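Structure, as structure tokens:
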Amino acid sequence: MRHPDRLFIDGRWVRPSTSAAFQVIDPATELPYYKVALAGAEEVAAAVAAARRAFDETSWAVLEPAERAQWLRRIADGLRRRAAETSELWTRQVGVLYSMSSASIERVGSQYDYYADLAEDFPWIDRHQPAQGKFSAVVREPVGVVAAIVAWNTALSLITHKVAPALLAGCTVVVKAPPEAPGEAYILAEIAEEIGLPAGVLNVIVADRAESELLVRDHGVDKVAFTGSSAVGKRIASICGERLARYTLELGGKSPAIIFDDFDLETAAQSLATAECVLNGQVCSSLTRVIVSKHRHDEFAEALGNAFGAVRIGDPFDPSSQLGPLAMERQRDRVEGFIRTGLADGATLVTGGSRPSELERGFYIQPTVFAGVDNRSAIAQEEIFGPVLSVIPADNEEHAITLANETLFGLNATVFTNDADRAYHAARRIRSGTVGHNGYRTDPRMGFGGFKQSGVGREGGRDGLLHYLEAKAVILDEVPSGFTDHN
């Protein structure tokens, strides 16, 4: 990172008008990593104004999609060149295992390539049979200036699922990076500068909550794309509702995994324990509510406790580690608070529940399993965002699906069964944006998002692109040049 003391606005690195800064802490060592400048109200307004000018006064929004696609490919190449340092940043900011960060970062560039490929066959202009006149078409045009606000757990991926479709659509963007993990956004800004992306098309700021709300309130912003907690998502939706700004929200989850009676318990336990190690349990789509028949509950709880309890916790740069630290001290405090609540509510602690005694430094928490969990309890209903799994007994298959749906969220789910027809039937009845089979499953190319309080809209795939476009009906008396009666 070349300019952690500045913000990227209108194609330039700008010193903020205030001395406000945020100290990023390495969660494995609890030592300061680096300090980053925070935007004040002046910088928020300047970033929006720059994006507004780039959209309203330059040719960016009216370029052919194929031309904008070439910029996406240059960004993808830049990210691939910077993969090693970006991976280290991700690990040292939030504690994700380096083995995972290095593998995942390598794939981020492909998301820009995916949207660049869409430029060729996406229906930007959809001809209709005229009911009036001789020419009717729905044309899809950019929504305008986008505020992209992301969470700290997977900042670069979250930014990518907003910036890539927004730029392809012809929007201009203000990225509001999380103070806890701003590095990846800065590298993206450096790449934009290196490739000569037109000034104002991409702006990157880091801001605290008050200034972030100013960004959401700014009438120069046409759309807000947010990933984070449901509480903040509700606040953003209410503000956007005041002026009818567009928004998409990818929010929290409390996702169920149903284990039907025909499936092997040891296999399910190992699958869930492995999946919960991803990002050290700090994943909105984690399968944290495990629903199993009463007569198999105790056997499964023991199997899950053995599998998850055997996970090796340690230094995220150690190749033998399977679980790293939580991202920050406040996050560990939050998880420990839920563990105490689970015990107070009468759940049975199967494994974990405390800090590992062998690790003197770092925001570590043991992989934890509760059994006999009441589906109405706090640990079954609230997003913990840490390596804590709850086993919930069900009377039968019908009751299991009822329990799965008894939540405010609806982001992800899975069904463990050897019968694909049974899995499909259950999937159609579970109120969730994604339903997998026999393990944790997601595919951003299909669009990712949730039902209920897990969000509004979808990110990724063609559905993700649609949210950055406005559909306009054009009805003309004659066929314009460039078209024929058949195209």
Side-chain angles (χ1 to χ4, degrees), residues 39-41 43-52 55-56 61 138 140-152 158-159 161-163 165-167 169-179 203 205-254 284-285 381-383 407-411 431-433 447-473:
E43 288 73 47
V44 172
V48 174
R52 190 78 262 167
F55 186 80
D56 293 335
V138 173
R140 293 178 174 87
E141 300 177 351
V143 72
V145 173
V146 173
I149 304 174
V150 302
W152 44 261
L158 299 176
I159 290 170
H161 286 305
K162 296 168 178 57
V163 169
L167 295 187
C171 301
T172 56
V173 185
V174 178
V175 173
K176 202 293 292 183
N203 307 271
I205 62 173
V206 186
D208 224 330
R209 286 205 172 186
E211 290 72 24
S212 298
E213 183 162 319
L214 290 177
L215 178 62
V216 175
R217 289 189 177 279
D218 197 309
H219 283 243
V221 172
D222 298 295
K223 171 186 163 60
V224 177
F226 171 74
T227 299
S229 72
S230 294
V232 176
K234 291 175 186 177
R235 178 69 175 163
I236 288 173
S238 67
I239 293 171
C240 289
E242 293 174 5
R243 58 187 184 87
L244 293 182
R246 276 56 174 153
Y247 61 86
T248 47
L249 307 172
E250 200 273 281
L251 308 177
K254 195 68 181 177
C284 56
S285 54
Q381 290 294 320
E382 297 187 42
E383 187 175 38
T407 172
L408 294 174
F409 300 105
L411 188 57
R431 300 279 295 163
S432 177
F448 180 76
F451 288 23
K452 297 184 279 188
Q453 292 190 20
S454 284
V456 176
R458 295 292 181 268
E459 291 197 329
R462 289 174 176 260
D463 284 357
L465 176 57
L466 285 170
H467 292 296
Y468 295 91
L469 296 164
E470 295 277 20
K472 176 187 290 182

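Here the structure is a predicted model, which is why all the values come from computation and not from measurement.
Between Ser454 and Phe409, the closest heavy-atom pair is OG-CB, 3.3 Å. Taking both residues in full, the closest heavy atoms of Leu214 and Ala41 are given as CD1-CB, 3.6 Å, listed atom of the first, atom of the second, then distance. Contact record, Val173 with Ala166: CG2-CB, 3.8 Å, taken as the closest heavy-atom pair. Across all their heavy atoms, Pro179 and Val206 have their closest contact at CA-CG1, 3.7 Å. Taking each heavy atom of Val145 and Gly220 in turn, the nearest pair found is CB-O, 3.3 Å. Taking each heavy atom of Cys240 and Val216 in turn, the nearest pair found is SG-CG1, 4.2 Å.
Atom CZ of Arg217 has more than 12 heavy atoms from other residues, nucleotides or ligands within 6.0 Å. Atom CZ of Arg209 is surrounded by 12 or fewer heavy atoms from other residues, nucleotides or ligands within 6.0 Å. Around atom CZ of Arg462, more than 12 heavy atoms belonging to other residues, nucleotides or ligands sit under 6.0 Å away.
Considering CH2 of Trp152 and CG of Leu158, their distance stands at 11.0 Å, rounded to 0.5 Å. Rounded to the nearest 0.5 Å, atoms CG (Asp56) and OG1 (Thr172) are 8.0 Å apart. Note that the CG atom of Leu251 and the CG atom of Leu411 stand 8.5 Å from one another [nearest 0.5 Å]. Atom NZ of Lys223 is separated from atom SG of Cys171 by 8.5 Å, given to the nearest 0.5 angstrom. Here the CZ atom belonging to Arg458 is positioned 14.0 Å from the NE2 atom belonging to His161, to the nearest 0.5 angstrom. To the nearest 0.5 angstrom, Ile239 atom CD1 is 12.0 Å from Asp218 atom CG.
Between the Glu43 side chain and the Gly40 main chain, a donor and an acceptor come within less than 3.5 Å of each other. Between the side chain of Ser230 and the backbone N or O of Gln453 there is at least one donor-acceptor pair closer than 3.5 Å. Judged purely by atom type and a 3.5 angstrom limit, Glu383 has no side-chain atom pairing as donor or acceptor with the backbone of Lys254.
Between Glu211 and Lys176, no side-chain nitrogen of the basic residue sits less than 4.0 Å from a carboxylate oxygen of the acidic one, so the salt-bridge criterion is not met.
For the pairing with Val48, the side chain to side chain contact (heavy atoms under 4.5 Å, CB included) check across Leu215, Asn203, Ile205 returns one residue only, Leu215.
In the model, Lys162 has a side-chain atom that pairs as donor or acceptor with a side-chain atom of Thr227 under 3.5 Å.
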- Message: Please determine whether side-chain contact (heavy atoms from CB on, under 4.5 Å) holds for the pair Asp222 and Arg52, giving the CA-CA distance in whole Å, both sets of side-chain angles, and the decisive distance to 0.1 Å.
- Response: CA-CA 10 Å; Asp222 298 295; Arg52 190 78 262 167; 2.8 Å; yes

- Message: As a quick check of understanding, evaluate side-chain contact (heavy atoms from CB on, under 4.5 Å) for Arg140 and Leu466, giving each step before the final call.
- Response: CA-CA 9 Å; Arg140 293 178 174 87; Leu466 285 170; 4.0 Å; yes

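For the pair Val221/Arg243, a side-chain contact is recorded, criterion being any heavy-atom separation below 4.5 Å from C-beta on.
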